[in-house]
Visitor: 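Pasting in a structure now, in structure tokens, and then I'll have a few things to ask.
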Amino acid sequence: MLLRAGVGVTLAFIYIPLAVIALYAFDSSNILEWPPPGLTTHWFGEAFKDPTLGNAVVMSLKAGVAATAIALVLGTLASLAVARHRFFGRETISFLVVLPIALPGIVTGVALSDTFTQVLGIGLSLFTVIVGHATFCIVVVYNNAVARLRRGSGSIEEASADLGADPWQTFRFITLPTMRTALVAGGLLAFALSFDEIIVTLFTIGPGQETLPIWIFNNLFRPNKLPVVDVVALLVIIASIVPVYLAHRLTRDEEGMSALRGGGGAISETAAEATAAP
């Protein structure tokens, strides 16, 4: 009974504020009040008519996808180096890779802005936003990937090499499938962090440009825009459900397949598949 009550309180703590936002998105008044005097879908049409909102969404998507792609490549390479090789300074490198996410966003933003504008002489633009977001997106990909690699055994990769597979075949058919779900989870989290980031973005974005979080922040203090902001927040919540659900299904399916194929026979079978591949 106490456990169920605790779960109920936790879910209420998380989802009641989201339910309030969803209700305000249908508020018939342009001045937020509780309870709403009526319900309407008028503000959804107003949101889709706003050209500045569309531009902000597109810019956030571009920054999020590009930063996630960079993070997946660099985070995966760093995790393979730390988890599969022993060398001097390995733990120091691991610490340095993780450090950026622990730094205050305002410090990272100022450092990046000064580096771009003063040292490199680069004007602030979408490119600088992507680089800024990638600095902390790498961390979440690295953490997920290195944790998965450390939980797994390197014996499968050694068996693949013993059977004649080259390093690329071993990575493609052995290592990558092993860490696939970790990379998906890390990529989703990296994209979510980038899509939602505002502090670093404020210091690295060019003049006249807006990402979605900056658009929301700028319009939050305009009374006639408050219902539209709630509509945008509701749409973001709905859009976030799809990738999270897909990642959950993928993880569950991978765990089920791993259980079915567990045991020493799976190691030999998988390694043989790698060597047989062209």
Visitor: With Thr115, which residues qualify under side chain to side chain donor-acceptor pair (under 3.5 Å), at least two apart?
Guide: none

Visitor: Under the side chain to side chain contact (heavy atoms under 4.5 Å, CB included) test, which residues partner Ile237, sequence neighbours left out?
Guide: Leu18

Visitor: Under the ring pair (Phe, Tyr, Trp, His ring centres under 6.0 Å) rule, collect the residues that match up with Phe136, sequence neighbours excluded.
Guide: His133

Visitor: Answer whether the closest heavy-atom distance between the side chains of Leu124 and Ile205 falls below 4.5 Å.
Guide: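 Side-chain contact under 4.5 Å: no.
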
Visitor: Tell me every residue that passes side chain to side chain contact (heavy atoms under 4.5 Å, CB included) with Leu234, counting only those two or more places apart in sequence or in another chain.
Guide: Ala22, Ala25, Phe26, Phe44, Ile238

Visitor: Mind checking the CG-OG1 spacing from Asn219 to Thr52? Nearest 0.5 Å is all I need.
Guide: 6.5 Å

Visitor: Quick one, Leu53 and Phe48 - any side-chain contact, counting heavy atoms below 4.5 Å?
Guide: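 Heavy-atom side-chain distance check fails, nothing below 4.5 Å.
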
Visitor: Name all residues meeting the ring pair (Phe, Tyr, Trp, His ring centres under 6.0 Å) criterion together with Phe217; count only those two or more places apart in sequence or in a different chain, and write none if there are none.
Guide: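 Partners of Phe217 by the ring pair (Phe, Tyr, Trp, His ring centres under 6.0 Å) criterion, ordered by chain and then number, come out as Phe221.
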
Visitor: Find out if a path of hydrophobic residues (ILVMFWY) with successive side-chain heavy-atom gaps under 4.5 Å connects Leu149 to Trp168.
Guide: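 Looking at the clustering, Trp168 is in the same group as Leu149.
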
Visitor: Please list, chain by chain and in numerical order, all residues satisfying ring pair (Phe, Tyr, Trp, His ring centres under 6.0 Å) with Phe203, sequence neighbours excluded.
Guide: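 Phe203 satisfies ring pair (Phe, Tyr, Trp, His ring centres under 6.0 Å) with no other residue.
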
Visitor: Quick check against the 3.5 Å criterion: does Ser194 have a side-chain atom that pairs as donor or acceptor with the backbone of Ala190?
Guide: no

Visitor: Who are the ring pair (Phe, Tyr, Trp, His ring centres under 6.0 Å) partners of Tyr142, not counting sequence neighbours?
Guide: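 So Tyr142 forms no ring pair (Phe, Tyr, Trp, His ring centres under 6.0 Å) with any residue.
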
Visitor: Side chains of Ile122 and Thr128, heavy atoms from C-beta outward: is any pair under 4.5 Å?
Guide: yes

Visitor: If two hydrophobic side chains count as joined below 4.5 Å and joins carry through other members, does Val82 share a cluster with Leu96?
Guide: no

Visitor: What's the shortest heavy-atom distance between Ile199 and Ile106, and which atoms?
Guide: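 In terms of heavy atoms, the two residues are closest at CG2-N, 3.5 Å.
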
Visitor: Identify, with sequence neighbours excluded, every residue that meets side chain to side chain contact (heavy atoms under 4.5 Å, CB included) alongside Ile138.
Guide: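 Checked Ile138 against side chain to side chain contact (heavy atoms under 4.5 Å, CB included); matches are Ala71, Leu74, Val97.
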
Visitor: Only pairs at least two apart or in different chains count here, so list each ring pair (Phe, Tyr, Trp, His ring centres under 6.0 Å) that has a residue in residues 88-109.
Guide: none

Visitor: Filter on side-chain hydrogen bond (donor to acceptor under 3.5 Å, both in side chains), then keep only pairs touching residues 53-82, sequence neighbours left out; what's left?
Guide: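 Those involving residues 53-82 do not exist here.
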
Visitor: When rounded to the nearest 0.5 angstrom, what distance separates CG in Asp114 from CG in Leu120?
Guide: 11.0 Å

Visitor: Begin with the C-alpha distance, continue with both residues' side-chain angles, and end with the deciding distance and a verdict on side chain to side chain contact (heavy atoms under 4.5 Å, CB included) for Phe195 and Leu61.
Guide: CA-CA 7 Å; Phe195 197 81; Leu61 290 173; 3.8 Å; yes

Visitor: So do Arg148 and Val146 actually touch side chain to side chain, heavy atoms under 4.5 Å?
Guide: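 No; the side chains remain at least 4.5 Å from each other.
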
Visitor: Using the test side chain to side chain donor-acceptor pair (under 3.5 Å), find all partners of Asn218 that sit at least two apart in sequence or belong to another chain.
Guide: Glu210

Visitor: Once rounded to the nearest 0.5 Å, what's the spacing between atom OG1 of Thr201 and atom CG of Leu126?
Guide: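 Going from the OG1 atom of Thr201 to the CG atom of Leu126 covers 10.5 Å.
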
Visitor: Could you pull out all residues at least two apart from Val131 that satisfy side chain to side chain contact (heavy atoms under 4.5 Å, CB included)?
Guide: Phe116, Phe127

Visitor: So Val200 and Leu112, do their side chains get closer than 4.5 Å, heavy atoms only?
Guide: yes

Visitor: Under a single-linkage definition using a 4.5 Å side-chain heavy-atom cutoff for Ile, Leu, Val, Met, Phe, Trp and Tyr, are Val7 and Ile14 assigned to the same hydrophobic cluster?
Guide: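 Val7 clusters together with Ile14.
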
Visitor: If we only count heavy atoms from C-beta on, is the Asn144 to Leu183 side-chain gap below 4.5 Å?
Guide: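 No, every pair of side-chain atoms sits at 4.5 Å or beyond.
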
Visitor: Check step by step if side chain to side chain contact (heavy atoms under 4.5 Å, CB included) holds for Val140 and Ile101.
Guide: CA-CA 8 Å; Val140 295; Ile101 203 156; 3.9 Å; yes

Visitor: Examine Ile21 and Ile198 and state if one hydrophobic cluster contains both, with Ile, Leu, Val, Met, Phe, Trp and Tyr joined whenever side-chain heavy atoms are less than 4.5 Å apart.
Guide: no

Visitor: In the single-linkage hydrophobic clustering (I, L, V, M, F, W, Y; side-chain heavy atoms under 4.5 Å), do Val58 and Ile130 co-cluster?
Guide: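 Per the 4.5 Å side-chain linkage, Val58 and Ile130 are not co-clustered.
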
